[in-house]
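For reference, the structure discussed in these notes is given below.
Reminder, nothing fancy here: chain letters follow the sequence lines and each chain counts from 1. Given the structure is predicted, the values throughout are model-derived calculations rather than measurements.
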Protein chains: 2
Amino acid sequence: MITIKDMAEMLGISTTTVSNVIHGKTSEVSQKTVERVEKLLDKYEYVPNISARSLSQNSSKIIGVALKCRKDKYANLFSDPFFGELIGALEAEIRAQGYFMMIYTSNDISEIIRNVLTWNVDGLILVGMLHDDFIRIKSRYKNPTVLIDSYASREIMNYVNIGLEDEEGAYEITRYLLKMGHRRIAFLADNMEGVDYTRYLGHLRALADYGLEMKEENLLIFHPGTVERESSLRELYYRVKNYTAFMCCSDYYAVLLMNYFMDRGIRIPEDLSITGFDNNLMSRVVRPALTTVRQDVTKKGRLAVEYLLKMIQGTEFSEWDVKLPIEIVIRDSVREIRQEDAGDGAADSKDVVEKADVCGNCCNMDEKEA
Amino acid sequence: MITIKDMAEMLGISTTTVSNVIHGKTSEVSQKTVERVEKLLDKYEYVPNISARSLSQNSSKIIGVALKCRKDKYANLFSDPFFGELIGALEAEIRAQGYFMMIYTSNDISEIIRNVLTWNVDGLILVGMLHDDFIRIKSRYKNPTVLIDSYASREIMNYVNIGLEDEEGAYEITRYLLKMGHRRIAFLADNMEGVDYTRYLGHLRALADYGLEMKEENLLIFHPGTVERESSLRELYYRVKNYTAFMCCSDYYAVLLMNYFMDRGIRIPEDLSITGFDNNLMSRVVRPALTTVRQDVTKKGRLAVEYLLKMIQGTEFSEWDVKLPIEIVIRDSVREIRQEDAGDGAADSKDVVEKADVCGNCCNMDEKEA
DNA sequence: TTGTATGCGTTATCAG
DNA sequence: CTGATAACGCATACAA
């Protein structure tokens with residue numbers, strides 16, 4: 001590892017000159033010197049030491065990406081293809097802009113804060129944070145920050161969020177279910193804050209349009225990492241006859257349920273309709289293909305990086321709330337039911353046969369490692 | 001951001017003493033001073049500056065993870081859940097060990113080298129590199145390096161690879177297909193080097209056991225990123241009647257093909273059997289569930305980090321080649337055919353109906369961004 | 001056109 | 001027990 005100092009000594013010139021050549025401040029340097037330096041640069045394949053540069057410039061060229069994983073410690077967050085896609089998009093864009101990406105996944109906000117400060121990252125992207133988390137981080141970390149999929153309240157300064165028309169998406173897909181004749185619809189989420197809560201509001205609005213109220217027994221909340229448990233799935237299975245449709249807050253859950261139910265003889269969509277949210281790889285690959293809400297994850301990632309860099313370069317957004325459009329993707333997981341059927345919905349689900357589970361691993365995915 | 005110097009000044013003591021307290025070298029410091037320093041540490045929530053530490057220690061606490069993506073520039077590598085799982089496992093383990101992870105995905109080896117050197121990473125994990133790439137990297141980067149899923153030749157020093165019983169896996173699953181009566185088996189891979197080539201060898205060995213030879217038309221190679229193209233899929237579709245089974249080198253491809261074929265009326269496994277490799281999320285979620293080769297991705301990641309840290313701590317492995325065991329997972333994507341049927345295999349595939357593609361996005365996933 | 005000097009935050013050596 | 005000082009590699013203000 002050759003350094004600027006080494007080369008300066010070799011050529012009998014000062015480090016300043018070498019540095020100037022490296023940074024193309026060639027107007028200040030004689031042509032001869034430039035050539036001599038460049039020859040060495042090339043010969044020894046000089047690579048700058050970022051730590052040193054960070055220290056002297058007080059800028060690290062790192063973009064931190066922090067994901068709060070509310071799951072168990074050992075669960076693998078990236079099992080959900082949504083996160084895989086998002087991380088991939090972020091990485092590509094960050095690199096394309098000449099920055100470096102450092103990921104932190106933790107359920108401990110102080111750990112995230114420590115990491116971000118210790119690396120002196122130039123900017124921070126927070127995924128799926130709740131209001132309080134954001135406040136805590138901002139109280140210690142002063143550099144530009146962009147949120148993805150967060151719903152922090154408006155009082156905060158420098159609030160930039162790249163989100164989705166969540167309310168609209170939930171509204172539209174609920175309306176679709178209603179239009180298809182469904183009346184007893186279960187709403188499944190893993191929390192009642194942020195994104196999921198907003199989707200819940202959209203769900204309510206659609207119901208209201210049809211003069212319906214949300215019944216308590218239709219609201220199914222399973223904390224993150226618990227839906228995958230056999231006990232939860234079994235519970236849902238026993239309650240399935242109460243509904244004609246499940247509306248899930250992610251494709252991940254929808255696909256999980258769909259397979260669990262199908263493996264036990266419930267026909268989708270004949271006995272039960274089901275919808276997802278995200279339009280990720282699995283929703284397209286599963287059969288029957290999942291009716292869901294499309295979002296452009298790649299664009300989400302790219303926009304987040306774009307805004308962040310603008311902020312790093314000095315642009316001030318005192319408040320900015322991007323909501324990417326959604327789109328309903330109708331595939332094959334929802335059936336139309338005539339209104340007179342609606343009353344007894346999955347009535348024929350009494351025929352359900354307890355079948356061997358050919359998908360054992362699938363249901364316990366996240367428990368494997370624990 | 002308070003620094004050691006700041007605190008030293010406040011207390012009227014030297015930075016050395018503060019540093020000693022921070023690192024628990026408390027035997028050298030009086031009890032009083034320790035307390036005074038700790039109070040400040042706490043009050044100002046001191047966080048060390050890693051750049052400075054890197055510089056003075058010549059050790060960055062960073063583990064680099066480099067993925068060579070041979071796909072198009074804009075393709076998202078993490079679409080394949082295998083990589084998502086692997087990255088998740090690596091991240092968790094690296095963090096648990098008190099290190100930081102920095103990811104580079106690039107098809108340009110020099111770029112990877114530059115990044116690794118510029119950050120002075122303490123250790124490097126290379127995923128899916130070929131022999132030449134490894135040599136190039138090692139010629140410039142001298143710190144510990146662990147390979148994942150590589151097949152570099154044995155002459156190299158400090159060669160540590162965490163791999164799989166690839167040959168065995170391919171052998172077993174091919175034998176299974178043969179046992180089920182299949183004789184006209186297509187072998188689908190995206191290259192003929194490294195992992196895929198080893199799997200090919202296993203495939204050949206199984207065929208030989210049955211006194212069969214590999215026919216040229218049974219070897220299907222599609223370069224990375226090209227299988228997803230409509231044209232490739234269509235080509236495969238037209239050739240499908242020549243085979244009774246497809247053996248794919250990844251679940252990703254298997255699932256891709258399976259859905260494309262099914263959407264066009266080919267019944268799986270009745271008309272065509274299909275197998276994968278990895279046992280990732282999709283293989284479990286798809287229907288018919290995919291018969292495949294199981295590997296423990298989480299363990300792969302954990303082992304890689306484990307070995308790397310041992311090397312960083314000074315253990316010398318002059319050569320080490322871990323091959324994790326595989327296991328055939330029999331699900332529903334392969335049917336048994338009587339030997340007399342084998343001759344005309346997918347004969348009834350002449351009934352195939354060209355159906356609307358309900359899975360439009362799926363096939364062009366990677367082209368969306370291009 | 002080139003060089004000198006200084007600072008960034010931390011750790012380590014060695015002397016008091 | 002404590003402190004002064006140098007060193008890590010780079011960039012920059014200021015001199016020459």
Side-chain angles (χ1 to χ4, degrees), chain A residues 1-38 40-41 44-62 100 114-122 143, chain B residues 1-38 40-41 44-62 100 114-122 143:
Chain A
M1 289 298 308
I2 201 164
T3 70
I4 286 188
K5 202 174 158 191
D6 294 337
M7 307 175 86
E9 274 173 14
M10 286 174 177
L11 296 175
I13 60 177
S14 81
T15 58
T16 309
T17 307
V18 178
S19 177
N20 280 334
V21 174
I22 291 173
H23 291 86
K25 298 183 185 171
T26 166
S27 66
E28 316 250 309
V29 185
S30 75
Q31 192 54 34
K32 264 190 214 159
T33 320
V34 170
E35 278 167 17
R36 293 208 304 153
V37 171
E38 277 178 344
L40 267 203
L41 243 36
Y44 291 104
E45 309 188 80
Y46 169 77
V47 173
N49 178 322
I50 292 262
S51 293
R53 188 176 286 177
S54 281
L55 204 53
S56 80
Q57 306 258 80
N58 196 29
S59 139
S60 60
K61 283 283 173 186
I62 301 180
F100 303 90
R114 260 201 314 279
N115 285 337
V116 164
L117 291 179
T118 213
W119 283 103
N120 191 21
V121 305
D122 289 350
N143 284 353
Chain B
M1 285 299 307
I2 200 163
T3 71
I4 286 188
K5 204 173 158 191
D6 294 338
M7 307 174 86
E9 273 173 15
M10 286 175 178
L11 296 174
I13 61 177
S14 80
T15 59
T16 311
T17 306
V18 177
S19 177
N20 280 334
V21 173
I22 290 172
H23 292 86
K25 298 182 184 171
T26 166
S27 67
E28 315 250 309
V29 186
S30 75
Q31 193 52 33
K32 263 189 215 160
T33 320
V34 170
E35 278 167 17
R36 292 206 305 152
V37 171
E38 278 176 345
L40 268 202
L41 245 34
Y44 291 104
E45 310 189 77
Y46 169 77
V47 174
N49 178 322
I50 292 259
S51 293
R53 186 176 287 175
S54 281
L55 203 54
S56 80
Q57 306 253 74
N58 196 29
S59 139
S60 60
K61 283 285 174 183
I62 302 180
F100 303 90
R114 259 201 317 278
N115 284 336
V116 164
L117 291 178
T118 215
W119 282 103
N120 191 20
V121 305
D122 290 349
N143 284 353

Separation of [N] [atom2] from [X] [atom1] (nearest whole Å):
X       : N      : atom1 : atom2 : answer
B/Ile50 : C/dT10 : CD1   : P     : 10 Å
A/Asn20 : D/dA13 : CG    : P     : 11 Å
B/Ile4  : D/dT2  : CD1   : C1'   : 15 Å
B/His23 : C/dT13 : NE2   : P     : 13 Å
B/Lys61 : C/dT10 : NZ    : P     : 16 Å
B/Glu9  : D/dG3  : CD    : C1'   : 14 Å
A/Leu41 : D/dC10 : CG    : P     : 11 Å
A/Gln31 : C/dT2  : CD    : P     : 11 Å

Hey, does the side chain of [X] come within less than 4.0 Å of [N]'s phosphate (OP1/OP2), counting only N and O?
X       : N      : answer
A/Thr15 : D/dG9  : no
A/Ser54 : D/dC10 : no
B/Thr17 : D/dG3  : yes
A/Arg53 : D/dA11 : yes

Which part of the nucleic acid does [X] contact within heavy-atom distance under 4.0 Å: base, sugar-phosphate only, or nothing?
X        : answer
B/Lys25  : sugar-phosphate
A/Thr33  : sugar-phosphate
B/Thr118 : nothing
A/Asn58  : nothing
A/Ser56  : base
A/Ile13  : sugar-phosphate

Given [options], the nucleotide with the shortest approach to the side chain of [X]:
X       : options              : value
A/Lys5  : C/dT2, D/dC8, C/dT10 : D/dC8
A/Tyr46 : D/dC10, C/dT1, D/dG3 : D/dC10
B/Ser19 : C/dT11, C/dT1, C/dG3 : C/dT11

Does [X] reach the side chain of [Y], with side-chain heavy atoms less than 4.5 Å apart?
X        : Y       : value
A/Leu11  : A/Val37 : yes
A/Tyr46  : A/Ile4  : yes
B/Tyr44  : B/Asp6  : no
A/Asn120 : B/Met1  : no
B/Val21  : B/Thr33 : no

Find which nucleotide of DNA chain D each of A/Gln57 and B/Leu55 is nearest to by heavy atoms, and output the residue with the more 5' nucleotide. B/Leu55

Donor/acceptor link under 3.5 angstrom from A/Thr16 side chain onto base of D/dA11: no

Indicate whether any N or O donor in one side chain lies under 3.5 Å from an N or O acceptor in the other, for A/Asn20 and A/Thr17. no

